Structure formats: structure tokens, C-alpha cells
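Not measured: the values here are computed from a predicted model.
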Amino acid sequence: MYSFLSRIREPVKREGAERYLRITLLSFAASVILTRLFLELTGYPQIGAQRLHIAHVLWGGLLLFIASLLPLILSNRGVYGVGALLSGVGVGLFIDEVGKFITQTNDYFYPAAAPIIYAFFLLTVLLYLRVRRAPSRNVRAELYRALDGLAEVLDHDLDARERTSLEDRLMYVVEQASDPDLAGLAKDLLGFLTSDTLQLAPDLPGYWQRSWSRARAIEARWIDRGRLRAILAVLFIAAAAPGLIGLLLMLVLILGQGISAREVGVLVVRAGMEGLAAVPLTAAAGLLALGQDRRGITLGYFTLLFSLAVVNLLVFYFDQFHAVIDSLIQFVLLMGAIHYRRRYLAAAARPT
């Protein structure tokens with residue numbers, strides 16, 4: 001028992017883990033949305049005979065099984081990206097049918113199914129945000145990541161930037177290692193990386209890097225701070241408008257018509273929660289219009305977080321997947337607020 005426990009080591013975060021988890025998140029969301037859209041457009045077809053029905057949960061389970069086998073069988077680093085994609089699609093197909101497995105009637109359209117899927121996605125986003133944090137440096141972890149990065153040499157894909165990163169890791173091990181064997185290993189690898197005979201691959205930007213660079217160039221040319229502030233203010237108002245209209249309609253219906261207590265409860269939960277988020281989002285737009293961008297961005301940021309994490313859980317219960325568009329819009333606005341804060345407000349707060 002002691003020998004088994006002595007072999008357990010502190011886990012080490014894999015290099016590029018946030019990129020693989022991001023692929024999983026995007027493929028997870030896309031698989032759920034596209035599956036529901038396909039079924040809605042095609043009238044919910046079924047694959048099978050009269051007594052058989054091959055549900056897409058089976059295809060999801062198959063993709064998850066393949067994703068788990070790939071890193072167990074293959075050593076190539078490209079396997080992790082493929083596994084991340086397959087696991088995201090697989091879990092999306094699997095969890096999309098959660099309504100069938102939490103009800104005795106196998107109800108695919110059970111109202112609580114959509115909030116469960118959305119909550120599961122939010123938990124995965126929280127995991128992604130945790131993984132994105134820079135890990136603490138120590139000799140063992142840095143040597144782990146350096147050995148993993150040396151696979152680029154075997155694939156003839158090591159460029160100058162990656163070699164600089166590996167040299168930094170190995171130099172850290174040489175300077176900080178108390179074990180002379182580890183320090184010697186790092187020193188030998190460092191000598192190999194700095195040799196003149198090592199051939200490097202050209203550091204060519206990929207498609208997404210080129211697209212991002214073009215987008216940044218267009219923004220730098222056409223969208224300055226004032227224009228971006230005005231765009232966010234208009235979009236904040238547009239996103240808040242449905243909630244404000246729903247809040248007014250709720251008040252009209254409650255005050256002007258005799259409706260049942262259950263209907264009042266539904267209106268208060270649905271329209272009240274949406275209105276609760278719409279009012280501060282409108283205030284954030286007003287602050288941006290008045291030039292109070294720091295307060296406006298902060299208020300809009302936390303309001304959008306509240307909408308995505310709390311309000312949308314209730315909206316998905318009432319509208320199922322019709323709330324996907326609203327969630328996507330709010331997410332884009334949140335990214336816009338974060339971008340504005342990083343580009344202008346964070347830069348202004350740094351000491352000169």
C-alpha cells in the first residue's frame with residue numbers, strides 16, 4: 001500500500017491545456033446547437049426500424065470512447081487536439097438527450113433539460129477559466145513541459161519561438177534543481193537546443209493568427225476609443241430592449257387583467273429576472289454615452305455575467321433552446337466589454 005501511494009505525484013498541467021479545453025468547449029456548444037437546429041428543421045427523424053431507435057446519445061458515447069482511446073494508443077501531440085474535438089462533440093450529443101434519462105416518460109423536451117445542459121456548459125467554462133491561469137513554476141513541472149515540447153523536434157516542427165520557450169524552461173531547471181541528475185539532464189538538453197546543427201521550422205502564422213491580425217488592423221484603422229464606446233452603448237441598449245419591454249408588459253398584465261396566481265408567478269420569474277438585468281445594462285449604456293466609460297464598462301460587465309450565469313438558466317427553462325441566440329449575443333457583448341477594458345482602461349491604469 002505504501003509503495004503504491006509513494007508513486008502518486010502531484011499532477012502537472014499539460015502545455016496547451018487551455019487550447020485543448022477551448023476546442024472542447026466550442027465543439028460542445030456547436031454540437032448541441034446544431035443538433036437541435038437539425039432536428040427542428042427535419043421534423044425530428046429517427047434512425048432505426050419499428051422496434052429500434054438509434055438515438056444520437058449512442059453516437060456521442062462512441063465519440064467519447066474514441067476520444068479516450070486516442071491518447072492511450074498514440075503519442076503524437078496532434079492527438080490531443082483531435083481528442084478535444086471528439087470529446088466536445090461527443091459530450092454535446094450525449095447530454096442533449098438528458099431529458100430522456102431524468103424522466104420516467106423519456107421526455108426529450110422536458111423543460112429542465114435545457115437548463116441542465118446550460119449549467120453543465122457553464123461549469124466547463126469555469127474549469128476553462130481555472131485552467132487558463134498560469135501555473136506555479138517548479139523544477140518538476142518545468143521539466144515535464146520541456147520534455148513534452150521536445151516532441152516538436154521529432155516532428156521537425158520546432159520554430160525559433162518554441163525553442164526560446166524550451167530554453168527558458170531548461171535554464172530554470174538548471175538553476176533551481178536540487179537534484180544533480182535533473183540539472184544534468186536539463187543541461188544536456190539545453191546544449192542540444194543551442195547547437196548550430198539543430199534545424200528550425202519557419203515560424204509561419206496559421207489561418208486564425210492571420211485572420212486575427214487582419215481584424216486588429218481593421219480595428220486600429222477604423223474604430224477608435226470613441227467609436228467603440230458608442231458601438232457598445234448602442235448594443236447594450238439593443239440587448240436590454242427585450243427585457244425592458246417584457247417588464248412593461250408584465251406590469252400591464254398584472255395591473256390591468258385578472259390572471260391566475262400561477263401565471264403571475266411565471267411572469268414575475270421570467271420577465272422580472274430579464275428586466276432585473278435589462279435595467280442596469282441600460283444604465284451602463286447611459287454611462288458610456290456620458291463618457292463615464294470605466295463605470296459603464298464595469299456595470300455592463302457584471303450585468304452580462306449575471307445574465308449569462310443566472311438569468312439565462314431560468315430563461316432556458318421556459319423557452320428551451322430559443323434562448324441560445326440571446327446567450328450568444330450577451331457573450332459577444334461580454335467579450336466586447338472585456339476587450340475595451342483591456343485595450344483602454346487597463347492601459348490607462350498602468351503606471352508610466
Looking only at non-hydrogen atoms, find the nearest pair between [X] and [Y] and report the distance.
X	Y	answer
Ala17	Val131	CB-CG1, 3.9 Å
Phe236	Gly300	CE2-CA, 4.1 Å
Ala239	Leu333	CB-CD1, 3.5 Å
Arg227	Asp224	N-OD1, 2.9 Å
Pro115	Pro111	CD-O, 3.1 Å
Glu142	Tyr172	CG-CD2, 3.7 Å

Rounded to the nearest 0.5 Å, how far apart are [atom1] of [X] and [atom2] of [Y]?
X	Y	atom1	atom2	result
Thr124	Leu21	OG1	CG	7.5 Å
Ser68	Ile73	OG	CD1	9.0 Å
Leu26	Arg22	CG	CZ	7.5 Å
Leu232	Arg229	CG	CZ	10.0 Å
Leu281	Ile237	CG	CD1	9.0 Å
Ser213	Arg216	OG	CZ	8.5 Å

[Y] side chain reached by [X] side chain, heavy atoms, under 4.5 Å:
X	Y	value
Leu143	Leu170	yes
Val324	Arg36	no
Leu39	Tyr108	yes
Ile117	Val98	yes
Leu345	Thr298	no
Leu158	Leu193	yes
Ile297	Tyr344	no
Leu190	Val173	no

Whether over 12 other heavy atoms sit under 6.0 Å from [X] [atom1]:
X	atom1	answer
Phe101	CZ	yes
Arg140	CZ	yes
Phe94	CZ	no
Phe38	CZ	no

Main-chain N/O of [Y] paired with [X] side-chain donor or acceptor, under 3.5 Å:
X	Y	value
Asn138	Ala141	yes
Ser165	Arg161	no
Thr303	Ala277	no
Ser195	Phe192	yes
Arg77	Glu152	no
Arg169	Gly149	no
Glu162	Asp159	yes

Which one of Ile95, Leu63, Val89 satisfies the side chain to side chain contact (heavy atoms under 4.5 Å, CB included) criterion with Ser31?
-> Val89

Does a donor on one side chain sit under 3.5 Å from an acceptor on the other, for Tyr144 and Arg14?
-> no

Is it true that the side chains of Asp96 and Thr35 contain a donor and an acceptor less than 3.5 Å apart?
->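 There is no such pair between these side chains.
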
Going through the checks in order, is the side-chain contact (heavy atoms from CB on, under 4.5 Å) test met by Ile116 and Phe120?
-> CA-CA 6 Å; Ile116 290 174; Phe120 187 80; 5.5 Å; no

For Lys187, which residues count as a side-chain hydrogen bond (donor to acceptor under 3.5 Å, both in side chains) partner, sequence neighbours excluded?
-> none

So among Arg130, Lys13, Arg133, which one has a salt bridge (Lys or Arg N to Asp or Glu O under 4.0 Å) with Glu18?
->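 It is Lys13, the one option of Arg130, Lys13, Arg133 that forms the salt bridge (Lys or Arg N to Asp or Glu O under 4.0 Å) with Glu18.
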
Member of Arg163, Arg137, Arg145 meeting the salt bridge (Lys or Arg N to Asp or Glu O under 4.0 Å) criterion with Asp168 =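 With Asp168 as partner, salt bridge (Lys or Arg N to Asp or Glu O under 4.0 Å) holds for just one option, Arg137.
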
Can Leu308 and Tyr118 be said to form a side-chain contact (heavy atoms from CB on, under 4.5 Å), step by step?
-> CA-CA 10 Å; Leu308 287 168; Tyr118 186 69; 3.7 Å; yes

Do [X] and [Y] share a hydrophobic cluster (ILVMFWY, side-chain heavy atoms under 4.5 Å, transitive)?
X	Y	result
Ile102	Phe121	yes
Leu69	Tyr20	no
Leu288	Val332	no
Phe331	Phe302	yes
Leu62	Leu34	no

Hey, is Arg225 close enough to Asp293 for a salt bridge, meaning N to O under 4.0 Å?
->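 Here Arg225 pairs with Asp293 in a salt bridge, since their nearest N and O are under 4.0 Å apart.
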
Given side-chain contact (heavy atoms from CB on, under 4.5 Å), test Lys100 with Val57 step by step and report yes or no.
-> CA-CA 10 Å; Lys100 292 184 177 181; Val57 65; over 6 Å; no

Verify side-chain contact (heavy atoms from CB on, under 4.5 Å) between Arg342 and Ile338, making sure each step is shown before the conclusion.
-> CA-CA 6 Å; Arg342 285 179 177 175; Ile338 292 174; 3.6 Å; yes

